[in-house]
Structure formats: C-alpha cells, structure tokens
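Following: one structure in structure tokens, then a few remarks.
Given the structure is predicted, the values throughout are model-derived calculations rather than measurements. Naming: A, B, ... by sequence-line order, numbering from 1 per chain.
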Amino acid sequence: MQCERTIRVLIAKPGLDGHDRGAKVIARALRDAGMEVIYTGLRQTPEQIVEAAIQEDVDVIGLSILSGAHNVLFPRIMELLKEKGIDDILVIGGGVIPHDDIPFLKKCGIAEVFTPGTPISQIIEFIKNNVKK
Amino acid sequence: MELVDGILKKDKRAAARLITLIEREDPTAIDALKKLYKYTGNSIVIGITGPPGAGKSSLVNELAKKMREKGKTVGIIAVDPTSPFTGGALLGDRIRMQELTLDPGIFIRSMASRGSLGGIAKATYDAVNVLDAFGMDYIIIETVGVGQTEIDIVKVADMVVVVLVPGLGDDVQAIKAGIMEIADIFAVNKSDREGADKLVTEIEMMLDLSQNELDLRPPIVKTVATSGIGIDELEAKISEHLSYIQYKGVLEQKRKEKTREKFMELIKFHISKIIFQEKGNIIENLLKDISNKVIDPYTAMEKLLQCILKGE
Ligand code: B12
Ligand SMILES: Nc1nc2c(ncn2[C@@H]2O[C@H](COP(=O)(O)OP(=O)(O)OP(=O)(O)O)[C@@H](O)[C@H]2O)c(=O)[nH]1
Ligand SMILES: [Mg+2]
C-alpha cells in the first residue's frame, strides 16, 4: 500500500544574492505540503547546485533570485543540466524577476517563474502537476 | 543491471538513484542490493550523533576535509527528522557542507527519517551498502538531533562519536542513559563557549562511575567546528580507535553481530508477514475467543503454532 510518492525538492540560491527569506518561506511551505526539501544555503554556484541535485536525486530544483542576476544564472544551470544529460528534473524559479524576462527564462527550460505575491498553494499545485519522474 | 554497473564504475547518479529506490521500498532496489552485496564490507562506518544544533554537520564537514587531505574518499549520509504531521522534511545539513559539494571524492546524501524513531532512517542501512560498494573509504552518518534513546546508530556504525556542547544545563545527567553509553569518543564542540571545561569534567566523572574495566575508555576531545580547532585531534582519536578495534578483532566481532542481527530482523519481518497473510483468518478467530475469554492468549498461541507447523 504505497501512498503518494514523496517529492524531493532542492531549494537553491545561486550567485551572491543574500536575500534568503523567500527561499526559506518556500522551503517551509513545501515541507508542510509533505515534500522533502533540501536547502543548501546562500551563495551557490551553478555547478554546486547541479551536483547537489544529482547526489540528492531530486525531482525538482527551485531557484530563488532577488538580485537581478537571473538572466545569467538560470540559463547557466539549465546548460549544465543539459550537458550532464539530465532531463527528468523539473526546474522552477522565483524572486524579484521582471515579467519581461520570463519568456526568455522559459525558453531556456525553466518550467515556471513565481514572482512576489504568488499564493503558495499555486506553487505546490504546479509542482505536483508537473514532476517528471 | 544498469544501476549496479554504474555504482561499481563510481557513477554518483547511479548511487543516488538506487538510494531513492531504497527509500521508496521499490522491489528493483532489492535486486540491485543482491548484486552489490559481495562488494561491500570495505568501508569504515562512523556515526556522529548528539543533540540538535550541537554542530554535528559542521564537524562532519571538517572531518571529511581531513580525510580527503589524507587521500581517503568519504560518503556522507545526513539524516533529519520527518514531520509526523505532514510527512514532509526540511533537510538542512548540507548548508554546513557546501564546500564539499564539488569534490569528486565525496558523496553527500540528505535523508529524512520517514517515521523511524531511532535517530536514523530505515533506508540508512542499505544506503550504507550502496556507498560501500561504490568504494568509499569512509562513510559518515549524521543522525537526527537526538535526546537519549535514539541510538540505532550503533546498529550500523563501526564506531560512534557523541557530540555534546556546553551550556545545555544538567544534560550529561539527563542523557546519560542513552547516547552517553554508545560513545567511542566524545567531542565537546563549541568549546569556544563558556563551560567547556566543566562539561569535560562532568563527562570524566560519569565515565569514572560507569567504566567497565575491560572497556576502552572513550577519549574526550574539545573542538570548535566553525574554526577547525581540535579537528586534528578528533581525527587522530578516530584513527587510533579504529586501529585498536581492528587489531583486537573487535571490529570483526562487531560486524558479525550486526550481520546476524540484520539477518534475524529480515527473517522476523518476512516470516511474520507471511503468517499474517496466510493465517489471517485463524488469527482473527483466535482473537475473538481471547476477547470473549473462551481461550487464553498463551493457549491460543500454541494452537496457532500447531497450525503453522502442520501447514494447515
Ligand atoms: C528584505 C529585503 C532585504 C533584506 C534581506 C533580508 C534577508 N535575509 O532576506 C536586506 C535588508 C538584508 C536587503 C539587502 C539588500 N537588498 Co533587498 N530587499 C528586501 C525587500 C524589501 C523584501 C524581500 C523579501 O524578503 N521579501 C519577502 C519574501 C517572502 O518574498 P520573496 O523573496 O519575493 O519570495 C516570494 C516570491 O518571490 C516567490 N519566490 C522567491 N523565491 C522563490 C523560489 C522558488 C523556487 C519559488 C517557487 C518561488 C520563489 O515566492 C515567495 C513567496 O511569495 C526587497 C523588495 C521587495 N519588495 O521584494 C528588496 C530588494 C530585493 N533588495 C534590493 C537590493 C538592491 C538590496 C541590496 C543590494 C542593497 C539595498 N538597496 O538594500 C542589499 C543586498 C543584500 C545581499 N547581500 O544580497 C532590490 C533588488 C533590485 C533588483 N533585483 O534589481 C529590491 C528588489 C529592492 C528594490 N526595489 O530596489 N534586502
Ligand atoms: N560558536 C560555535 N558555533 C558552532 C560550532 N560548531 C557549530 N556551530 C554553529 O552551531 C550551529 C549549528 O551547527 P550544525 O553543524 O548545523 O549543528 P547540527 O548538530 O548539525 O544541527 P542539526 O543537524 O540541526 O541537529 C550553526 O550555526 C553553526 O555555525 C562551534 O564549535 N562553536
Ligand atoms: Mg546537522
């Protein structure tokens, strides 16, 4: 009698951005939604994030950026995942990200971007409906 | 079998995936573990346990760095508690180990306890075998932050370091019952704080009272995990202890006992499962009779045993 499979999520903060409230809020909310959330702390390089995602075998990577560096860091992470042949991880992003940038980020492979004010329930719903494995 | 080959070729993704399958109790995990078993038994397994926030993760980080300096590879399994209410977990041990992430000789896996109450997860045992077959020289297991009775770590580790910190009040007294007795080494971490020497004295006194002549007296090492102080000494004491138990044959003996215990558990688990499946009706009927005082539970048990032995 296997109940619903536990979803494993890596919440990561790439780059030098020190704003971690949002990432922590999301980490706790996803835990409360029954997920196992690995939080790796501030100042992660794209390489570190991808390696941690591999070792933790996560279903989802959630990236949080408020510094404005998303147009560089998000595509870099997607590129690294592609290089390693990883296509079964759902990657989503959030933080202070201008709406005009979102189409570009989605084109790079970020499944969805959640900006300030998004209800948490919407994020949880999105993850549950879109995990790939 | 792809996963098995991958693990033997040191592919971290294969190891990570098999650990996931073990956690999910997926039947294919058992197939892989069967094939990997003959490659296990080469890693030294070290348990790190202690109260919440004592600095376990920070110490694991420092120890792993020392071991890497000596050219050894290290697998780390860091267990954090699952919320009994939501089934979710926040796994934060990796925050203290960021600098190890990209080291090819290191593999770190965060693991939720998923309902186990002994300080580690059910999947920890088999995950150790995966990292062992992978070829890690050392496997370090960080338990959840423990109180006094969560001591399952002794069932899986070759040796245990108990981490304590000054300023937790009367805690040596309080935790004496459980985790104090499983320590091969004590680390008094956060010894940059007031009360470290007092804590060392308290532990010494406790050891004076409880020492069995034949036992090796656990050394006490003062550490500051955040600045690396005392880590050399801690690593040296760990090596010393390992040489001693290897030389004296204690390690071999311990491992034999563990293998035995594990096999017994496996037998009990599967036999009781079969019995509950196949004799469910008989058990239910006997239970009714016991409730109605038609029969006593001891006689009922004997009846059930007879049914089983006769194959009825
Ligand atoms: C609080 C704050 C700080 C605090 C941060 C404390 C901390 N530990 O987090 C302090 C005072 C330290 C700070 C410092 C700075 N800040 Co500031 N800060 C803010 C502020 C006011 C609120 C951020 C916040 O915590 N919001 C609350 C959380 C819960 O919301 P959130 O992070 O947006 O998260 C939500 C969503 O975005 C989304 N989400 C976020 N991450 C993720 C991840 C995933 C996976 C998902 C699904 C969703 C998701 O879900 C969350 C919940 O709805 C914002 C302005 C603003 N209104 O956003 C500026 C802001 C982010 N800061 C800014 C700046 C410039 C700075 C500083 C460089 C200097 C300065 N001018 O103050 C420094 C740099 C610090 C550093 N080292 O990086 C700018 C950034 C500009 C930009 N992006 O171009 C902002 C936008 C202010 C502004 N309008 O200029 N800051
Ligand atoms: N002052 C001081 N702080 C320390 C020391 N070691 C760790 N810390 C801090 O103590 C806090 C907890 O450290 P962790 O390593 O996460 O402790 P832990 O035992 O793994 O915690 P849990 O896994 O949550 O039980 C962190 O803020 C560390 O920086 C130390 O020797 N001295
Ligand atoms: Mg920890």
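Heavy-atom minimum distance, Glu36(A) versus Leu91(B): CB-CD1, 4.4 Å. Closest approach of Leu90(B) to Ala27(A), counting heavy atoms only: CD1-CB, 3.7 Å. Minimum heavy-atom separation, Thr101(B) to Glu51(A): O-CG, 3.3 Å.
Within 6.0 Å of NE2 on His270(B) lie more than 12 heavy atoms contributed by other residues, nucleotides or ligands. The environment of Phe126(A) atom CZ is dense: over 12 non-hydrogen atoms of other residues, nucleotides or ligands sit within 6.0 angstrom. Around atom CD1 of Ile267(B), more than 12 heavy atoms belonging to other residues, nucleotides or ligands sit under 6.0 Å away. Annotation for Gln277(B): atom CD counts as buried by contact number, over 12 foreign heavy atoms lying within 6.0 Å. Residue-environment remark: NZ (Lys65(B)) exceeds the threshold of 12 foreign heavy atoms within 6.0 Å. Counting non-hydrogen atoms of other residues, nucleotides and ligands closer than 6.0 Å to NZ of Lys82(A) gives a total of 12 or fewer. In Asn129(A), the CG atom is crowded: over 12 heavy atoms of neighbouring residues, nucleotides or ligands sit closer than 6.0 Å.
Remark: Gln122(A) engages Thr118(A), Pro119(A) in a side-chain contact (heavy atoms from CB on, under 4.5 Å) (not counting sequence neighbours).
Contacts between Leu21(B) and chain A at a heavy-atom distance below 4.5 Å are absent for every atom of the residue.
Side chains of Glu56(A) and Ser110(B): a donor on one and an acceptor on the other come within 3.5 Å.
With chain A as partner, the option from Arg114(B), Lys12(B), Arg96(B) having the largest number of non-hydrogen pairs under 4.5 angstrom is Arg114(B). In terms of non-hydrogen atom pairs under 4.5 Å with chain B, the most contact-rich of Ile86(A), Leu30(A), Ile11(A), Val50(A) is Ile86(A).
A donor-acceptor distance shorter than 3.5 angstrom exists from the side chain of Gln55(A) to the backbone of Ile108(B), with no hydrogens or angles considered. Between the side chain of Glu23(B) and the main chain of Thr6(A), no donor-acceptor pair closer than 3.5 Å is present. Not one N or O on the side chain of Arg8(A) forms a donor-acceptor pair closer than 3.5 Å with the backbone of Thr20(B). Of the possible donor and acceptor atoms, one in the side chain of Gln98(B) sits under 3.5 Å from a partner among the backbone N and O of Thr40(A).
Between atom CD1 of residue Ile38(A) and atom CD1 of residue Ile95(B) there is a gap of 11.5 Å, rounded to the nearest 0.5 Å.
Note on Asp88(A) versus Arg17(B): salt bridge recorded, some NZ/NE/NH1/NH2 to OD/OE distance being below 4.0 Å.
In this structure, Met35(A) and Thr86(B) have side chains that are not in contact, with every pair of non-hydrogen atoms separated by 4.5 Å or more.
Listed by sequence position, the residues of residues 134-145 of chain B in contact with chain A number zero, using a 4.5 angstrom heavy-atom cutoff.
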